[in-house]
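Here's the structure, in structure tokens; my notes come after.
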Amino acid sequence: MPVFVELSKKIRRHKEAIIATVRHGLSNARIESMNNKIKVMIRKAYGFRKLFN
């Protein structure tokens, strides 16, 4: 299956980065958390056009 062949190639290409990520316990959780906080602030601010005259 071509899909699995391509996946295998991608895994081989990024093998060192994958191992380093697992070894050091890295994740994108902090970035996703910050992104969610920004979205919440935007949602809360919806409808406000000007804070000062």
With rounding to the nearest 0.5 angstrom, report the [atom1] to [atom2] distance, [X] to [Y].
X   : Y   : atom1 : atom2 : value
R23 : I18 : CZ    : CD1   : 12.5 Å
E6  : I11 : CD    : CD1   : 10.5 Å
I38 : R43 : CD1   : CZ    : 12.5 Å
T21 : E16 : OG1   : CD    : 11.0 Å

For atom CZ of R13, is the number of surrounding heavy atoms from other residues, nucleotides or ligands below 6.0 Å larger than 12?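 Enclosed.
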Tell me every residue that passes side-chain hydrogen bond (donor to acceptor under 3.5 Å, both in side chains) with S33, counting only those two or more places apart in sequence or in another chain.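 With sequence neighbours excluded, S33 shows a side-chain hydrogen bond (donor to acceptor under 3.5 Å, both in side chains) to no residue whatsoever.
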